[in-house]
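All of these numbers come straight from a predicted model, not from anything done at the bench. Just so you know, ligand 1 is whichever comes first in the structure, and atom 1 is the first atom listed for that ligand.
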Amino acid sequence: MAVGLATEKQEKYAGRFLRDWLLPQWPWFALGTLFAAVTAACAFGYSYIIAMATDWLEASDQRVFMLAPLVIIGLVAVRAPAMYGQTQANNRGVQNAVIKLQEALFGRLIDGDFARLQAKNSGEYVSQFANDMVLVREASLRVATNLAKSTLTVIAAIAYMLMTDWLLTLVLLVIYPVAFYPVVRLGNRVRKSSRRAQEQAGELTSVLNEAFQGSRTVKAFQLEGYQKDRASKGFIERARLYMKVLRAKALVDPFLEFVGGLALAGLFAFSGWRAMSGDITVGELVGIIAAIGIASPEVRALGTLNSVVNEGLAAATRVYAVIDAPVHVADNPGAKDMGRAVGDVSFDGVSFSYPGASPALNGLSFDAKAGQTIAIVGPSGAGKSTVFSLLLRLYEASAGAVRVDGHDVRDVTMASLRRNLSIVSQDAFLFDVSVRENIALGKPGASMQEIEAAARAAACDFIEGLPSKWDTPAGEGGRNLSGGQRQRIALARALISDSPVLLLDEATSALDSESEARIQQALGALAGRRTMIIVAHRLATVRKADRIFVMTDGRCAEAGTHDELVAHGGVYAGLAAHQLS
Ligand SMILES: Nc1ncnc2c1ncn2[C@@H]1O[C@H](COP(=O)(O)OP(=O)(O)O)[C@@H](O)[C@H]1O
Ligand SMILES: [Mg+2]
């Protein structure tokens, strides 16, 4: 392959890319190559008939206007459809490969570690799908097209030339590779600048996303100017980096033009002299020029192939960096399906720190027996949401054990663990599908009756008043709905699955007291049948819990019932005095 001086690592990726994605599409590429061979054979035919016709013309042979035009029309009639067929076959093969690659990339991301999804700006991943895939597609198409068509056409031209004048051909074959060395060098420059340009494209996507998503804050705080500055810096940097890539690429064509011109001059000097001395006929000279004329664009395409392939390789390297990244939180070997849990939950001396941060949990212990309602209260930043993340095994504890039904969460499959837990998380995230679908996501294949029952329990009567009722789209992240409406849909989504453990993270914080009271009632009806762990700031929400754990600084400071804790006279008693007076 015309990869030239690509690094060893990139050559490895090129090999993997061919094997993993392009090879499975081999029937399409085989078909493309077949058409390419026909195209190349016709090119050989052109040179041949041009040479013949010239000699016929010189000899005043009638075949020049009778036979030659027919042969040329015949050649075109075969070559044009073959060119079309080749392009289409290659397109199909490459598109299929890119679909598979996108699926693999997305699958690795979405199946992989939660921590990784959180670590980068989302824009950088989105940009990989937008930009890197285009580069990979372009490079694959060029390889598929040029390797077959251009190589075969050049080979056909060389074959014709060798048959006609081997000495001249040998001279050309020695000069050309030397002339091409600088093109390979340019390709490497393209690859280097392309890598940085793509990284920056991802950063820019993030900045733009943030400005649009945070448009309310932007407007309210009059941050338009600030956002424009940020975006403008990004645009300028993008243009600067892109110019670097284009500059290296822009040198390729003029350089090839220059080489081509030299070659033509040399050709006339050398073969003109050979024709004069009678070593070749005028027809043969014209045939050679025709062959070079046909081969030149193909040689040129092969020359620029290097830089396109280098860009594609840089993109493939980034894609593979994601695909190859080790997954840290995965099913352990021998992890078993825990089946349906009874609903005991316990944390036993659990510690955990987010990457590069101080400990969020610090030897936390608490437990909930099946069917109990327990509450976790504490100041923000105490680690309450982190408790749920560890229970769902989005992250792994660095010390201690998280157990469900006595099983360490590391010993069971993540699918069976998460089937037993349903959560209303603090952000009450909704997808931009109908409210009906948003609720149904909690239980695949849920009937309308089940959806309505869950919605009723979550006090979702506002749905009937929405513009399209149950079919109203929630908007990106749920922004067509109010905070309280979003929370109620998210609650319905959690209630519809009959998982034995229900986790509510400040799930009613945005509700009016009437809706909250109704939800309390609905949840009260579940008590005894489901384990509920409720995080809330309003003590009215948690005072009926079987047990309340007060968290500070990642550990449990106090535990007991509402009355016990008030009597104890600690942190909770202070909160209670403040809130419930
Ligand atoms: N994704 C994260 N990366 C780094 N630190 C985090 C992340 N999420 C939370 N933290 C930190 O962990 C601590 C506990 O957070 P959290 O569990 O959300 O608290 P709470 O829910 O009690 O308000 C806080 O100090 C917070 O800054
Ligand atoms: Mg929280």
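Checking Thr386, Val387, Val377 against atom 16 (P) of ligand 1, the nearest heavy atom belongs to Thr386.
Atom CG of Asn131 and atom CD of Gln200 lie 10.5 Å apart (nearest 0.5 Å).
The closest side-chain donor-acceptor pair between Tyr13 and Asp20, if any, does not fall under 3.5 angstrom. For the residue pair Asn362/Ser351, the side-chain donor-acceptor check at 3.5 Å is not satisfied. Neither side chain, Ser206 nor Asn209, offers a donor N or O lying under 3.5 Å from an acceptor on the other. Between the side chains of Gln487 and Thr508, not a single donor N or O lies within less than 3.5 Å of an accepting N or O.
Looking at ligand 1, you won't find any N or O of Gln426 less than 3.5 Å from one of its N or O atoms. Here's the thing with Gln118: none of its N/O atoms is less than 3.5 angstrom from an N/O atom of ligand 1. Checked by distance only, ligand 1 and Ala382 come closer than 3.5 Å through their nitrogen or oxygen atoms.
At a cut-off of 2.8 Å, Thr386 is not counted among the residues with an N, O or S atom near the Mg ion (ligand 2). The Mg ion (ligand 2) lies under 2.8 Å from an N, O or S atom belonging to Ser385.
Counting atoms of ligand 1 from 1 in the listed order, those under 4.0 Å from a heavy atom of Ser380 are 23 (O). Atoms of ligand 1 lying under 4.0 Å from any heavy atom of Gly383, numbered from 1 in the order shown and given with element: 14 (C), 16 (P), 17 (O), 19 (O), 20 (P), 22 (O). Heavy-atom contacts of Ala360 reach the following atoms of ligand 1: 12 (O), 13 (C) (cutoff under 4.0 Å).
Contact annotation: the side chain of Val134 never approaches that of Phe129 to less than 4.5 Å [non-hydrogen atoms, C-beta and beyond].
There is no protein heavy atom closer than 4.0 angstrom to atom 27 (O) of ligand 1.
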Item checked: Residue pair Arg410, Glu396: steps toward the salt bridge (Lys or Arg N to Asp or Glu O under 4.0 Å) verdict -> CA-CA 8 Å; Arg410 285 166 292 203; Glu396 206 138 78; 5.3 Å; no
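Atom 18 (O) of ligand 1 has its closest protein heavy atom at Ser385 CB, 3.6 Å. From the protein, the heavy atom lying nearest to atom 2 (C) of ligand 1 is Tyr354 CD2, 3.5 Å. Atom 25 (O) of ligand 1 has its closest protein heavy atom at Gly381 O, 3.9 Å.
Ring geometry for Phe347 versus Phe366: interplanar angle under 30°, hence parallel rather than tilted (30 to 60°).
Under the side chain to side chain contact (heavy atoms under 4.5 Å, CB included) test applied with Arg493, the options Ile423, Val424, Val435, Leu441 reduce to a single match, Leu441.
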